[in-house]
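Read through the structure below, which is laid out as structure tokens, and then see the notes.
To find a chain, count down the sequence lines: A is the first, B the second, and so on, and within it residues start at 1.
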Amino acid sequence: MKYNEYKNLNLPEIDKEILKFWEENKIFEKSIEQRPEDDTYVFYEGPPSANGKPGIHHVMARTVKDLFCRFHTMKGQRVERKAGWDTHGLPIELAVEKELGITKEDIGVKISIDDYNKQCRETVMRYKHMWDDLTVKMGYWVDMEEPYITFENNYIESVWWLLRRIYDKGLMYKGLTIQPYSPAAGTGLSTAELNMPGCYKDVKDTTAVAMFKVIKSEQSNFLFDDENEDVRIAAWTTTPWTLPSNTALTAGPKINYIKIKTNTPYTEAPVSVIVAEDLVGKWFGGKKQPAILEQSATFVGKQIEGVRYEQLMDYGNPIEDLHGGTDAFKVILGRFVTTSDGTGIVHTAPSFGADDRMVGKENGLGALTLVDKQGKFLDTVGEFSGRYVKNYKDDPNYVDVNIDISVRLKLDGKALNVAKYEHNYPHCWRTDKPILYYPLDSWFISASKMKERMFELNKTINWKPASTGEGRFGKWLENLQDWNLSRTRYWGIPLPIWRVRSTPSGAEGNSTENGSTASGFDSAQPTNHTICIGSIEELQKEIEKANAGLGLNQSVPEDLHRPYIDDIVLMSPDGLEMTRELDLIDVWFDSGSMPYAQWHYPFENKEKFERNFPADFIAEGVDQTRGWFYTLHAIAVMAFDKVAYKNVVSNGLVQDAKGQKMSKSKGNAVEPFSTLEKYGADATRWYMMSNSQPWDNLKFDLNGLAETQRKFFGTLFNTYNFFALYANIDGFQQDEMNAMPVEGRPEIDRWIISKLNSLVMEVTAAYEDYEPTKASRAIESFVADELSNWYVRQSRRRFWKTELGADKQAAFETLYQCLMVVNQLMAPIAPFFSEWMYKNLSDPIRGAAIDNDTPLKHESIHLTHLTKVQEELIDKDLEQRMDYAQRISSLVLSLRKKSKNRVRQPLQKILLPVLNDSFKQQVEGVKDLILSEVNVKEIEYIDDTSGFIKKKVKPNFKTLGRRMGKNMKAAAAAINGFTQEDIAALDKSGKYELNIDGEIHELTTEDFEIVTEDIPGWQVATDGDLTVALDVTITDMLIAEGLARELVNRIQNIRKDRDFNITDRIKVTLQNHPALAGALANFKDYICGEVLCDEFSIVDSLDGGEVIELVDGVETRVLVEVVA
RNA sequence: UCUGAGGUGGCGCAAUUGGUUAGCGCAUUUGCCUGAUACGCAGAAGGUUGUUGGUUCGAGUCCAACUCUCGGAACCA
């Protein structure tokens, strides 16, 4: 059976062929089944959401995942990989809203929740086919047959079970807090969502400095110079829409304030304004700024505490109680106030700021919540009633209410300044609309209570790169906030909590469902009137209890989603009705639950779960640090006090070739399918892994990809083709049972095998250490530099030989082995090409391998066991020797260049100074290689007994520097000044006593490097410790041989051009030329041997044939014909 | 503002962890080699290693300040 030979390399074609093979032979399935169940490598697949199309960055992330799974499979471990789909959440809901042309308010009105959720369920898998397609085409091995899907009842039940576990540990509570809220999406956002990339944006907003009129009282008296003075406190805001909801002003207790007499801009009325002393210059005295007519003495914030002022914009709304009182419109103190911005006095609206609420509550203040959850003013806010505070509806005619408020303030003489101001403001990650901070009643997980433990356990996780784990993730854990679980949406896992309503009529008003007023303010802790359901069985029992107690006829819904679950009424121990909290849970909890829920743990697969927890390895993009990486960790720590994963690789961004972020709007996004189609999956994967480390951002450049394809894969392909070509000619077959012992093979074979084993060691270690870039670069350099351009290049003649003897056999076996092992090493990153070559190499002997039960019995490389390093075959001496050979050759070629002697012209000898016997021996070992590589007849060693060479000694700074310290400079000078006698003495004894300033330093040979840099009378080339001279005397005989070689070259070119078979015998007719006399007389046999010529005739004149020029001026004709 | 990574010929990356001539590939260019090769080899050209100080016998590497790029956190007045 022959090895397949190929015309050219077509990677995409190979992809298709191999995909077919994998599928038909169920290779992926076998790669799992054939590995023992008790030696697992656990991988978790982070679930993508199939309602968006996959991008090129997914190829990156999935290559990382795939390669380590494949590596560990080849190490013999069982690596199960369950695919998963993230199916809930806002992105899907918003997509559906858009498609149906509805908004959140329409749900339950224009469309039933039931129908809406059905739509979501269908939409969420919209691009599943594309994902599946990408998975297949890029060679990502993951079990797509039985994926976990977060909307399935089993999954939901496991999530409920987890929540219950956390609930039972007292880590859940309900509270009313100021939270980021997206009116456009109609839901609160977690801090994690707020930290999604691109959420904070620079926006230009209208800002206003409002002036609050101080009421004269005993306390404020000192601020007034006379009865009629109009004293006002200035406060800056970037959100003028919160001004009507102002209930306090906050001053810094120790900040110095001052009163400025001026005229109100816009109305020109005289007024006295209080601002922080440090900020006077910011608002007064400049061009177009109010003049400073007079200023008071300074006073500290503490002195104005409790000073009352008139409500800035009064629309008669009642003040809400914050469980501390309903006081309002006075100055309070807060430590958070600074003088870096604004006026040093902070406008405080407890409904719209976390600090505001805290400080308000502490001071017994009430709140005004004059904006509803859709982001518009209540109907009771006078001229602003019903207006949106930001353009949440994409209304083209939207007029900024902040401007109108500012105008109103100007007209009323209450504005000190109105200006546009650019600042950074968070936006909703889905709707791109500015968020607002809003009081929401939500369920929280007390993550902050567990942060120390999370931090501690995080230290046991191996992060790649480490800085992400320690820095980004570690810092996040240190400052961990409680996790807001509640989402007031429809398509998601319902919160399994039922409560007794505190007010009989409160069923609607108290819920977090969208209503037109702010939610109530009960922030009850879990009580015995609250129940968290942890399983369907438990729900069933509770339903039965409620049915009996309340006379109902309910059952567990078939679908655990809304709206069905909302209808279930349970009963409290004291017989009261309990209804479900209408919230959904944060989708991030869904995905963080996958280690358990993918197996429906603990209701099924207990053992399977235990075998598969925690994960050995996970990988996603850095953007998941506070997403999936966090939720996995948090849930595992809170529910099990364990880590969820031991090793985690967070890969960086994929940018365009210029380092810009890829985005659809910029049009620089690379489409994954066409890239895979054009370059093949392996080249893409290889390029991504080898170009830069996965955690660095990748500048994705198609030119680089093409280079990988051409250079790495092309070279390897050619190496294989070379092997196949000659193996087929000789009928060589690898025989695993009777391999030649490596010790008996020629020097160069043992060399490449030594290098190969070094490579195995290096690559294996790199994979073990999650360093794919190191692994791939090592493989690349082995293939290109060592295997192809040295081993094969140097061994070519061995393959050409006519007879198949031991030497040729050794060459074939060695090359075969190198190709095979390289394939194995690269298989994790390049699964297609390696498979393809594996099959080409091993299919012919599969039968024998199976019969003999040898390593190549496997039908796929991905079922084989990775070759282990054989350290006894690593021969450092030999590697050093070959290094000499390469470097000496290089120097000789360099000398040829200088003396303008082309390589085909043989030269007589190389002169090589030797400094010691071991060096000479080393060079002797590779002498033939050097001579044939540089086309020289002999090496003449010059040792120093001749007194012919000049030695030089250089200090070894590394060893010497440490000991000499400050004397290093003097020492270096002394050493550089050594005479030939000094060097000879040093060479002989191996020691030297160096005297510096009377201090004696004992130096040994390792402190020096002795080199020759010169051979008097010769032109030399030097590289480090090597020096070479070349004898360029050309005798007639050498000229003749040179011409013979030129002739061989021309004839070979003709053979090649004419597409002769490599083994074809030929007949040559040459037109004579006087210059060729010597060559033909002495080298005719040589020429014939080289070009496989049977008949060589020389004629005086030739009509046919081709004109050839051998060297300058020597032109003749030659006719080359195949012998029939 | 804080924080992390980084800044090395035109481009993409190295540099044994502080050791003396800063490497490699791509691109440009001159030769050469080749019956596997779109490879390779020899040469040319291209660098004040972001800037400025400092530590050290010695700094691309360590320290400080500044600057730029890309991330991250926050500030919501």
As a test of reading the structure: which of B/C57, B/G40, B/A36 is closest to the side chain of A/Arg796, going by heavy atoms? B/A36
Which pairs, protein N/O on one side and nucleotides 14-16 of chain B N/O on the other, fall under 3.5 Å?
none

Between the protein and nucleotides 43-47 of chain B, which nitrogen or oxygen pairs come in under 3.5 angstrom?
{"residue": "B/G43", "atom": "OP1", "partner": "A/Ser894", "partner atom": "OG", "Å": "3.2"}

Sub-3.5 Å donor-acceptor pair from the side chain of A/Asn721 to the main-chain atoms of A/Glu5, do we have one? no
Just to verify, what does A/Arg793 make a side chain to side chain contact (heavy atoms under 4.5 Å, CB included) with, not counting sequence neighbours? A/Arg796, A/Glu933
Interatomic distance at P, B/C24 relative to B/G40, whole Å: 13 Å
I need the CZ-P distance between A/Phe473 and B/U3, as an integer number of Å. 21 Å
Nearest listed nucleotide, side chain of A/Val903, among B/U34, B/C39, B/C32: B/C32
Touch check for A/Arg793, heavy atoms < 4.0 angstrom, all strands: base, sugar-phosphate only, or nothing? base
Show, in sequence, the C-alpha distance, side-chain angles and deciding distance for A/Asn1061 and A/Thr1063, and conclude whether the side-chain hydrogen bond (donor to acceptor under 3.5 Å, both in side chains) test is met. CA-CA 5 Å; A/Asn1061 272 328; A/Thr1063 48; 5.6 Å; no
A/Trp800 side-chain N/O to B/A36 phosphate OP1/OP2 under 4.0 Å: yes
Is there a donor-acceptor contact under 3.5 Å from the side chain of A/Ser894 to the main chain of A/Ser890? no
Provide, to the nearest angstrom, the distance between the CD atom belonging to A/Gln794 and the C1' atom belonging to B/C39. 15 Å
A/Thr242 side chain to A/Ser245 side chain, donor-acceptor N/O pair below 3.5 angstrom: no
Distance between the C1' atoms of B/A45 and B/G60, in whole angstroms? 23 Å
Can A/Arg902 and A/Glu1046 be counted as an ion pair, charged N to O under 4.0 angstrom? yes
Considering only the C1' atoms, how many Å lie between B/A65 and B/A74, rounded to the nearest integer? 25 Å
In whole angstrom, give me the gap between the C1' atoms of B/A44 and B/U49. 23 Å
Non-hydrogen atoms of A/Ile345 and A/Ile274 that approach each other most closely: CD1-O, 3.9 Å
State which of B/A36, B/U34, B/C57 makes the closest approach to the side chain of A/Thr719. B/A36
Spacing between A/Phe352 atom CZ and B/C75 atom P, to the nearest angstrom: 18 Å
Using both pair distances under 3.5 Å as the test, note the stems of at least 3 consecutive Watson-Crick or G-U pairs that include RNA chain B. B:1-7 with B:67-73, B:10-13 with B:23-26, B:28-32 with B:40-44, B:50-54 with B:62-66
Restricting to side chain to side chain contact (heavy atoms under 4.5 Å, CB included), what partner residues turn up for A/Asn402, sequence neighbours left out? A/Thr206, A/Pro240, A/Trp241, A/Lys390, A/Asp400
Base, sugar-phosphate, or nothing for A/Asn697, non-hydrogen atoms under 4.0 angstrom? sugar-phosphate
Could you tell me how far apart A/Lys900 (NZ) and B/U30 (C1') are, to the nearest whole angstrom? 11 Å
Which residues pass the side chain to side chain donor-acceptor pair (under 3.5 Å) test with A/Asp1064, sequence neighbours left out? none
Nearest listed nucleotide, side chain of A/Arg710, among B/C13, B/U34, B/C39: B/C39
Under 4.0 Å between any heavy atoms, over every strand shown, what does A/Leu893 touch: base, sugar-phosphate, or nothing? Just pick one. sugar-phosphate
Ring geometry between A/Tyr720 and A/Tyr6 (parallel below 30°, tilted from 30 to 60°, perpendicular above 60°): tilted
Run the salt-bridge test on A/Lys774 and A/Glu762 with the 4.0 Å N-O cut-off and return the result as yes or no. no
Here's a test of your reading of the structure: between A/Met968 and A/Asn718, which maps to the more 5' nucleotide of RNA chain B? A/Asn718
Between B/G31 and B/G71 - C1' atom distance, rounded Å: 47 Å
A/Lys711 near the nucleic acid: base, sugar-phosphate alone, or nothing, with a heavy-atom cut-off under 4.0 Å? sugar-phosphate
A/Phe1060 near the nucleic acid: base, sugar-phosphate alone, or nothing, with a heavy-atom cut-off under 4.0 Å? base
A/Val1091 near the nucleic acid: base, sugar-phosphate alone, or nothing, with a heavy-atom cut-off under 4.0 Å? nothing
Atom P, compared across B/U61 and B/G54: separation rounded to whole Å: 14 Å
Pairwise C1' distance for B/U8 and B/G23, with rounding to whole Å: 11 Å
Heavy atoms under 4.0 Å, any strand shown: does A/Asn935 hit a base, just sugar-phosphate, or nothing? nothing
Which label fits A/Trp283 and A/Trp236: parallel for a plane angle under 30°, tilted from 30 to 60°, or perpendicular past 60°? tilted
OP1 or OP2 of B/A36 less than 4.0 angstrom from a side-chain nitrogen or oxygen of A/Tyr726, does that happen here? yes
With sugar-phosphate meaning primed atoms plus P, OP1 and OP2, does A/Gln1052 contact a base, only sugar-phosphate, or nothing at under 4.0 Å between heavy atoms? base
Roughly how many Å apart are B/G47 and B/G9, using the C1' atom of each and rounding to a whole number? 5 Å
Mind calculating the distance between CG (A/Asn956) and C1' (B/C57) to the nearest angstrom? 15 Å
Answer with yes or no whether A/Ser788 presents, from its side chain, a donor or acceptor under 3.5 Å of a partner atom in the base of B/A36. yes
Check for a donor-acceptor pair, side chain of A/Ser788 on one end and backbone N or O of A/Thr715 on the other, with a separation under 3.5 Å. no
Tell me if the aromatic rings of A/Tyr816 and A/Phe723 count as close, with their centers under 6.0 Å from one another. yes
Taking any heavy-atom pair under 4.0 Å as a contact, classify A/Gly704: base, sugar-phosphate, or nothing. nothing
Would you classify B/U17 as syn or anti? Syn applies when the glycosidic angle is within 90° of 0. syn
Assuming nearest nucleotide by heavy-atom distance, tell me which of A/Leu9 and A/Lys954 is located more 5' along RNA chain B. A/Lys954
What heavy-atom pair brings A/Met837 and A/Leu819 nearest, and what distance separates the two atoms? SD-CD2, 4.1 Å
